[in-house]
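Below: one structure, written as structure tokens.
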Protein chains: 2
Amino acid sequence: MRDAVTPEARAGGPGSGRGGLDAERIIAAAVRFIDEHGLRMLTMQRLGAYLGVEGMALYRYVPGREALLDGVVEAVVDELFNDPEVHLEAHAGWVDYLQRLGHGLRRIALTHPEVFPLVATRPTAAPWVRPPLRSLRWIESLLQVMTDAGFSDENAAAVYRTFSSFLLGYLLLEVAGRGVETGPVEEPDVMPTEDLSGYPLLQRLEPHLSLDFAAQDFDEALEALLDRVALLLPRRRRPHRLTADE
Amino acid sequence: MRDAVTPEARAGGPGSGRGGLDAERIIAAAVRFIDEHGLRMLTMQRLGAYLGVEGMALYRYVPGREALLDGVVEAVVDELFNDPEVHLEAHAGWVDYLQRLGHGLRRIALTHPEVFPLVATRPTAAPWVRPPLRSLRWIESLLQVMTDAGFSDENAAAVYRTFSSFLLGYLLLEVAGRGVETGPVEEPDVMPTEDLSGYPLLQRLEPHLSLDFAAQDFDEALEALLDRVALLLPRRRRPHRLTADE
DNA sequence: ACCTGAACACCGTTCAAGT
DNA sequence: ACCTGAACACCGTTCAAGT
């Protein structure tokens, strides 16, 4: 629904184009605001100020705070459509497809770590829509690819469920590890490195527990999941792995 | 820290024992309040009323709302210590141990579906503490069991990470599916069964997408995870599966 | 047409005052 | 010793009023 972008000169503030509010612009500003200041700082009045306006002005374009957050989630998830690494059409088999999709969602999580908990935990439109893949278009696309690849309806659905919970758990932890308060919380008030006396193994293994095994873990775990999924395939239709030709 | 339970006659209100507040009782009431009314209804004043007192009275025992929520998370997670199905000591090998632990956490999630999102997303005491297994005692115990079973330090830590993200993703989705608003949200305002025209596969597969494959999925996925973990073991030390002796 | 001031009901939190 | 009233700063939200 691409509407003519009004004036938008008058650079200046972070609202970037003070000339004319509209829902889309407000939501985009909310995303940036959360990226910069964290979810718990987002207030109607502060978002208004961020856009050079009083908070109440936003209500002309957005039904309320909850709807705004829904819009934020939708906007962030929709970035997947503009990710050049993730083509809905041009994929080399379902393994390649799921890998691209998984990495695309991971990129979103890492680009908007403060928004991702919202993507993960906001109620979905229907009970069978599971975060973080919460766009009907993408769910349909995934089911399409899987059934085309020879998976039964049941198995295609099971893959969607498994894939969702894998991404949700993995990315939420990865993002939480990067110093994100995933709830509405105060300053972390950094615990003075917890007293680990009485926990000898925690002391010894602490270096191994720190995140930053993240990228590697992710690929391995995704690989394992895909291997397991491959076993669901009825015949000898093993996926043509990452051979770039079609 | 079992302190003499004061009067507590005067039954009546849901506060159950109006005779004397204290942090423990307030936290327990908060857990019950969230179970009954949902997280988004929990307010200092409403919790006060629930306990037969004005909201401000709580501040004598609890530093503030955030600390209260931390207490809620801790209390719920600590239920694991009283779960007769989960014995820290009496386990028949690491597979049995991880299965009991996983099911114990699932039971917690299903007992307190409205609290679990808090368990899942609240910032942890240290960056290497990963929800939902966020008790130092349990993490230590898990690492102990795994290293005792012959896993290297690196692998024991990797198992903790993998296990955590599996449980987090799986249980958060399961709980979200059971009509829980996992965020601070208004009435779900049940979408009038979304328009699925244009999404033929979603229409066709919708029955397969509904949750309630939950329990089965969980066991299967946990099994798969444990099989994968078993491959990390150096020698022929395959776990003695569920033989109840010793 | 679009924004603002003032107002309302509700938060979390503090503290002097009551009992 | 323990709770409450009143107050403060801040929410989300509505609406009559300004421009």
Side-chain angles (χ1 to χ4, degrees), chain A residues 3-8 10 12-13 15 17-27 29-30 33-34 37-72 118 181 183-187 189, chain B residues 3-10 12-13 15 17-27 29-30 33-34 37-72 118 122 181 183-187 189:
Chain A
D3 48 49
V5 184
T6 32
E8 107 170 39
R10 249 172 304 190
R18 193 134 17 319
L21 291 178
D22 73 42
E24 204 174 333
R25 210 188 303 253
I26 291 173
I27 289 169
F33 186 97
I34 297 172
H37 304 108
L39 176 57
R40 76 178 194 288
M41 291 300 286
L42 184 76
T43 240
M44 295 305 278
Q45 12 247 334
R46 280 202 275 252
L47 182 58
Y50 191 75
L51 284 161
V53 107
E54 297 296 317
M56 307 87 85
L58 306 178
Y59 287 89
R60 193 160 295 269
Y61 306 95
V62 166
R65 188 176 194 268
E66 293 300 321
L68 175 66
L69 293 182
D70 287 340
V72 164
L118 228 42
E181 316 112 47
V185 184
E186 300 297 303
E187 294 294 324
D189 260 358
Chain B
D3 49 48
V5 184
T6 34
E8 106 170 40
R10 246 173 303 187
R18 194 143 3 330
L21 290 177
D22 74 40
E24 205 174 332
R25 210 189 303 253
I26 291 172
I27 289 168
F33 186 97
I34 297 172
H37 303 108
L39 175 57
R40 76 178 195 289
M41 290 300 285
L42 184 77
T43 238
M44 294 306 276
Q45 12 247 334
R46 279 200 275 249
L47 181 58
Y50 191 76
L51 285 161
V53 106
E54 297 296 317
M56 308 86 87
L58 305 179
Y59 287 89
R60 193 162 295 270
Y61 307 95
V62 165
R65 188 173 194 268
E66 292 300 319
L68 176 65
L69 294 181
D70 287 339
V72 164
L118 228 42
R122 206 124 243 278
E181 315 112 49
V185 183
E186 299 298 304
E187 295 294 326
D189 260 359

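Quick note: numbers below take in every heavy atom, side chains included, and nothing from hydrogens, waters or symmetry partners. Please read these numbers as outputs of a predicted model, since none were measured by experiment.
Heavy atoms of Gly55(A) sit nowhere under 4.0 angstrom from any nucleic acid atom. Among the protein residues, Met56(B) comes within range of the nucleic acid bases, having at least one heavy atom under 4.0 Å from a base atom.
Atom pair Leu58(A):CG and dC11(D):P shows a separation of 13 Å (rounding to whole Å applied). Distance Met44(A) CE to dT4(C) P: 14 Å, rounded to the nearest Å. When rounded to the nearest whole Å, the span between CE of Met41(B) and P of dC10(C) equals 11 Å. At whole-Å resolution of the value, CD1 in Ile26(A) and P in dC3(C) are 9 Å apart. The separation between Leu21(B) atom CG and dA1(D) atom P is 16 Å, rounded to whole Å. Atom pair Leu42(A):CG and dC10(D):P shows a separation of 17 Å (rounding to whole Å applied). If you measure from atom CG of Leu68(A) to atom P of dC11(D), you get 15 Å, rounded to the nearest angstrom. Atom pair Leu47(B):CG and dT13(C):C1' shows a separation of 15 Å (rounding to whole Å applied).
Distance from the side chain of Arg46(B) is smallest for dC11(C) among the nucleotides dT13(D), dC11(C), dC11(D). Which of dT4(D), dG12(D), dG5(C) sits closest to the side chain of Glu54(A) comes down to dG5(C). Each of dT13(C), dG12(D), dC3(D) was ranked by its minimum atom distance to the side chain of Tyr59(A); first place goes to dG12(D). Nearest nucleotide to the side chain of Tyr61(B), out of dT14(D), dT4(C), dC2(D): dC2(D).
Distances shown here put a side-chain N or O of Gln45(A) below 4.0 Å from the OP1 or OP2 atom of dG12(D). Remark: Thr43(A) is in phosphate contact with dG12(D), judged by side-chain N or O atoms under 4.0 Å from OP1 or OP2. Within the 4.0 Å cut-off from OP1 or OP2 of dG12(C), at least one side-chain nitrogen or oxygen of Arg65(B) is found.
A pairwise comparison of heavy atoms in Ala29(A) and Tyr50(A) identifies O-CE2, 3.7 Å as the closest pair. Nearest heavy-atom pair, Ala30(B) versus Val72(B), reported as atom, atom and distance to 0.1 Å: CB-CG2, 3.6 Å. When all heavy atoms of Ile26(B) and Val62(B) are compared, the closest pair comes out as CG2-CG2, 4.1 Å. Annotation for Leu39(B) and Arg65(B): closest pair O-NH2, 4.3 Å, computed over non-hydrogen atoms.
With a cut-off of 3.5 Å on both pairing distances, dA9(C) has no Watson-Crick or G-U wobble partner at all. With a 3.5 Å ceiling on both atom-pair distances, dC3(D) lacks any Watson-Crick or G-U wobble partner.
Contact check on Glu66(B) versus Arg122(B) returns a salt bridge, with a Lys/Arg side-chain nitrogen under 4.0 Å from an Asp/Glu carboxylate oxygen.
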